[in-house]
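Below is one structure; the comments refer to it alone.
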Amino acid sequence: MNRNGKKIVIIGGGIAGLSAAVYALKCGYEVEVLEMHDMAGGLAMSWRRGPYTFETCLHWLIGSKPGGEFNRIWKELVDLDKLTFVNPHEFVRIETEDGDSLRMYTNADMLEAELMRRAPDDIAAIQDFIHAIRALGKFRLLDPSGGLADNWLNLLRDIPVLPLLNKLGKMSGAEYGARFADPLLRGFFSTGDMGKLTAIAMVLSLAWMNEQDAGYCIGGSQALIRLFGEKIAELGGTVRFNARVERIVVEQDRAIGVELHGGAAIPADWVISAADGHATIYEMLGGRYVDDTVRKIYAGSETFASYLQVSLGIAEDLCGEPAMLTRILGSPILVDPGTELKSVGFRFFHFDPTLAPRGKTAVTSILPTRNFEYWDRLRREAPLHYRAEKSRVADAVIDVLERRLPGVREAIEVTDVSTPATVIRYTGNWKGSQEGWLMPPGAGMKPFPNTLPKLDRFYLIGQWIMPGGGLPSGPMTARPAIKAICKRDHVPFEIRQEVQLLASSR
Ligand SMILES: Cc1cc2nc3c(=O)[nH]c(=O)nc-3n(C[C@H](O)[C@H](O)[C@H](O)COP(=O)(O)OP(=O)(O)OC[C@H]3O[C@@H](n4cnc5c(N)ncnc54)[C@H](O)[C@@H]3O)c2cc1C
């Protein structure tokens with residue numbers, strides 16, 4: 001690889017930092033990624049307990065379909081064809097504890113038939129919904145690093161769906177759900193953060209699932225992260241673990257490197273932060289580079305909730321269960337002071353044989369909470385109480401599962417509970433947020449600024465500048481940052497796809 005003599009330091013080895021590393025290496029930069037944890041991935045994480053692996057992040061990966069628009073972007077970075085994707089035909093099953101149930105299929109024809117069977121009174125709203133799923137399957141994401149010249153073809157293709165996008169973009173999930181009289185269907189759109197997000201988020205996700213372009217990769221999010229690690233090593237980059245950045249070193253309003261916990265200084269020509277935006281701006285940079293736009297974002301925008309994850313290793317083959325199950329509870333469970341949940345979701349990972357031995361199943365339950373302070377304080381100040389609280393919540397979740405699958409309690413051989421304190425400790429994400437900023441109705445799909453006022457040679461990337469977050473926010477924010485750096489350095493930004501590189505080297 002030709003080196004261009006310049007070095008980029010990247011703070012954070014999540015999907016955004018790793019994406020930036022690959023783009024920068026391909027453009028000839030020397031790259032060092034500094035990651036405070038002892039492994040890469042950030043929120044794209046799983047962990048092993050006994051014979052089970054518990055996945056936290058991956059439900060669906062946009063761009064899983066070969067030939068699709070976002071697939072092309074992933075293939076600029078890694079050889080995505082090395083992954084095996086599965087597309088469960090049922091996205092989620094929603095059940096009440098008294099036996100009512102709704103199946104949300106990923107296939108639009110099956111979904112339409114199911115909804116018409118269940119809720120014939122909602123015929124007009126159902127037809128509208130299914131039409132939106134089919135129509136938005138054609139929607140092409142625009143390249144945020146490109147101008148009109150790079151995007152004109154996609155813009156042209158998107159023209160027919162723009163009025164629909166515009167309409168959905170102004171509505172929250174809860175407002176969209178209110179069109180349905182059926183309580184389970186209404187609840188699907190309006191529960192938790194989904195109800196606050198623009199309706200585009202869920203309809204577009206279902207549209208991509210219908211196109212089989214939002215699959216789950218075997219091995220979970222770490223299978224994708226591993227491809228990035230291999231690619232960075234192959235291109236000669238470095239990912240340094242247990243390297244927590246304390247300070248971004250600035251000289252005359254120009255980022256010139258970073259200082260690690262322990263005092264080591266690492267000089268660089270450019271600094272990119274792919275870490276939590278709040279910590280970057282207000283701690284690593286001491287709050288010196290903020291203006292009204294930055295202040296408004298951090299004081300006025302709402303983050304996704306944090307979460308507890310109850311993970312269960314169950315010595316039973318649960319392949320008869322749906323991949324995802326939401327149980328609407330007869331009486332709510334108390335997660336922490338201020339957080340009562342009226343429903344609990346389960347993921348049965350029977351479709352991924354790498355996560356549990358044959359005949360056994362890894363099961364997880366994500367419990368959203370905004371009371372991150374409670375868990376953070378408890379962990380630091382009252383570790384025994386913290387442990388007791390984790391057990392109490394795990395028991396409550398197991399009770400819900402036991403009512404669904406009588407006898408399952410006896411088959412549970414591993415129980416693991418992570419909390420918002422875990423998310424903060426391992427990823428540094430502000431308020432333990434699971435995905436950065438919510439994308440509220442009316443906000444559009446535009447990212448936040450990726451530079452800070454008056455600070456030169458510095459970029460922000462990742463979920464904290466792309467409301468809605470998700471793994472695609474990694475490449476989508478890394479690409480424009482590296483492209484801009486290349487432009488400043490008069491370095492060509494020419495990125496070929498991995499598959500093409502492999503094909504031509506054979
Ligand atoms: C429960 C859950 C389910 C999800 N489901 C999906 C899904 O199905 N599909 C999807 O696309 N997305 C999903 N997401 C969202 C997705 O995981 C995130 O949006 C994405 O991984 C964020 O990537 P990032 O690189 O921007 O940030 P992060 O993953 O947070 O990475 C930031 C990195 O910076 C490091 N860091 C922080 N501070 C420092 C410092 N001072 N020094 C050095 N390193 C530092 C952290 O350790 C971390 O590794 C889910 C997330 C969660 C939690």
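Values in this document were obtained by computation on a predicted structure and should not be read as measured data.
Residues that satisfy the side chain to side chain donor-acceptor pair (under 3.5 Å) test with Asn87, not counting sequence neighbours, are absent from this structure. With sequence neighbours excluded, the residues forming a side chain to side chain donor-acceptor pair (under 3.5 Å) with Asn71 are Lys75, listed by chain and number. The side-chain contact (heavy atoms from CB on, under 4.5 Å) search around Arg295 returns Tyr282, Val290, Asp292, not counting sequence neighbours. For Leu83, the side-chain contact (heavy atoms from CB on, under 4.5 Å) partners at least two apart in sequence or on another chain are Leu80, Phe85, Cys217, Ala223, Leu224, Leu227. Partners of Phe493 under the side-chain contact (heavy atoms from CB on, under 4.5 Å) rule, at least two apart in sequence or in another chain, are Tyr23, Cys27, Arg479, Ile482, Lys483, Cys486, Ile495. Arg425 is linked by a salt bridge (Lys or Arg N to Asp or Glu O under 4.0 Å) to nothing, counting only residues two or more places apart in sequence or in another chain.
The aromatic rings of Phe54 and Tyr52 lie parallel to each other, with less than 30° between the two planes, well short of the 60° mark.
For residues 249-260, the salt bridge (charged side-chain N to carboxylate O under 4.0 Å, His left out) pairs, not counting sequence neighbours, are Arg247-Glu259. Under the side-chain hydrogen bond (donor to acceptor under 3.5 Å, both in side chains) criterion, the residue pairs touching residues 385-398 are Tyr374-Glu389, Tyr386-Thr419, Glu389-Arg392, with sequence neighbours excluded. Applying the salt bridge (charged side-chain N to carboxylate O under 4.0 Å, His left out) test to pairs two or more places apart or on separate chains, those with a residue in residues 38-61 are Arg49-Asp416. Sequence neighbours left out, not one pair with a member in residues 432-448 passes side-chain hydrogen bond (donor to acceptor under 3.5 Å, both in side chains).
Across all their heavy atoms, Leu18 and Ala40 have their closest contact at CD1-CB, 4.2 Å. Residue Ile62 comes nearest to Phe70 through the heavy atom pair O-CD2, 3.7 Å, listed as atom of the first residue, atom of the second, then distance. Summarising the geometry of Gly462 relative to Ser473, their closest heavy-atom pair is C-OG, 4.1 Å, with the distance given to 0.1 Å. Across every non-hydrogen atom of Ala21 and Val33, the tightest pair is CB-CG2, 3.7 Å. Closest of all the heavy-atom pairs between Gly13 and Glu35 is N-OE1, 2.7 Å. Heavy-atom minimum distance, Ala16 versus Ile461: O-CD1, 3.4 Å.
Contact of the Val344 side chain with the Leu367 side chain is registered, since non-hydrogen atoms from C-beta on lie closer than 4.5 Å. Within the 4.5 Å cutoff, side-chain heavy atoms of Leu25 are placed close to those of Ile232. Between Arg327 and Leu401 the shortest side-chain heavy-atom distance does not fall below 4.5 Å. Taking 4.5 Å as the limit, some side-chain heavy atom of Phe351 sits within range of a side-chain heavy atom of Tyr216. Proximity of Thr53 to Thr354: side-chain heavy atoms (C-beta onward) are nowhere separated by under 4.5 Å. A heavy-atom distance below 4.5 Å is not found between the side chains of Thr293 and Phe448. Contact of the Glu76 side chain with the Arg496 side chain is not registered, since no non-hydrogen atoms from C-beta on lie closer than 4.5 Å. Side-chain contact check for Pro368 versus Leu341: some heavy-atom pair is nearer than 4.5 Å.
Remark: side-chain polar atoms of Glu340 are not paired, donor with acceptor, to backbone N or O of Val335 under 3.5 angstrom. Not one N or O on the side chain of Thr427 forms a donor-acceptor pair closer than 3.5 Å with the backbone of Ile424. The closest donor-acceptor contact from the side chain of Ser306 to the backbone of Thr369 lies at 3.5 Å or more, if one exists at all. Without hydrogens or angle criteria, Arg3 side chain to Tyr29 main chain gives a donor-acceptor distance under 3.5 Å. Side-chain atoms of Trp74 never come within 3.5 Å of backbone atoms of Pro475 as a donor-acceptor pair (strictly under, hydrogens ignored). Using a distance-only test at 3.5 Å, with no hydrogens or angles considered, a donor-acceptor pair links the side chain of Asp193 to the main chain of Ala305. Listed for the Thr477 side chain is no donor-acceptor partner under 3.5 Å among the backbone atoms of Leu460. The closest donor-acceptor contact from the side chain of Asp352 to the backbone of Ile218 lies at 3.5 Å or more, if one exists at all. Judged by distance alone, with hydrogens and angles left aside, the side-chain atoms of Arg288 form a donor-acceptor pair with the main-chain N or O of Leu285 at under 3.5 Å. The backbone N or O of Ala214 sits less than 3.5 Å from a side-chain atom of Ser64, completing a donor-acceptor pair.
Note: Phe372 CZ to Leu308 CG = 13.5 Å, rounded to the nearest 0.5 Å. Between the CD1 atom in Ile412 and the OG1 atom in Thr361 there is a gap of 11.5 Å [rounded to 0.5 Å]. The CG atom of Leu77 lies 10.0 Å from the CD atom of Gln497; values are rounded to the nearest 0.5 Å. Atom CG of Leu378 and atom CZ of Arg380 lie 10.0 Å apart (nearest 0.5 Å). Note that the OH atom of Tyr289 and the CD1 atom of Ile248 stand 10.5 Å from one another [nearest 0.5 Å]. The OG atom of Ser301 sits 13.0 Å away from atom CE of Met439, with the distance rounded to the nearest 0.5 Å.
The environment of CZ in Arg488 is crowded: more than 12 heavy-atom neighbours from other residues, nucleotides or ligands sit within 6.0 Å.
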query: For Val397 and Val400, what are the C-alpha separation, side-chain angles and deciding distance, and is it a side chain to side chain contact (heavy atoms under 4.5 Å, CB included)?
result: CA-CA 5 Å; Val397 169; Val400 175; 5.6 Å; no
- prompt: Checking side chain to side chain donor-acceptor pair (under 3.5 Å) for the pair Thr339/Asn371: CA distance, chi angles, key distance, verdict?
  reply: CA-CA 7 Å; Thr339 314; Asn371 199 351; 5.3 Å; no
Can you list, pair by pair, the side-chain donor-acceptor contacts under 3.5 Å of residues 260-276, counting residues two or more places apart and other chains?
unit_1	atom_1	unit_2	atom_2	d
His261	ND1	Glu246	OE2	3.2
Asp269	OD2	Lys7	N	2.7
Trp270	NE1	Asp489	OD2	3.0
Ser273	OG	Ala275	N	3.3
Ser273	OG	Thr280	OG1	2.8
Asp276	OD1	His278	N	3.4
Asp276	OD1	Trp430	N	3.2
Asp276	OD2	Ala279	N	2.7

Which atom pairs, donor and acceptor, lie under 3.5 Å between side-chain atoms of residues 194-203 and protein residues at least two apart or in another chain?
unit_1	atom_1	unit_2	atom_2	d
Lys196	NZ	Glu302	OE2	2.8
Thr198	OG1	Leu168	O	3.4
Thr198	OG1	Ile200	N	3.0

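Among the candidates Arg72, Lys26, Lys82, the single residue satisfying the salt bridge (charged side-chain N to carboxylate O under 4.0 Å, His left out) test with Glu498 is Lys26. Between Val31 and the choices Val22, Ile10, Thr238, Val9, the side chain to side chain contact (heavy atoms under 4.5 Å, CB included) rule is met once, by Ile10.
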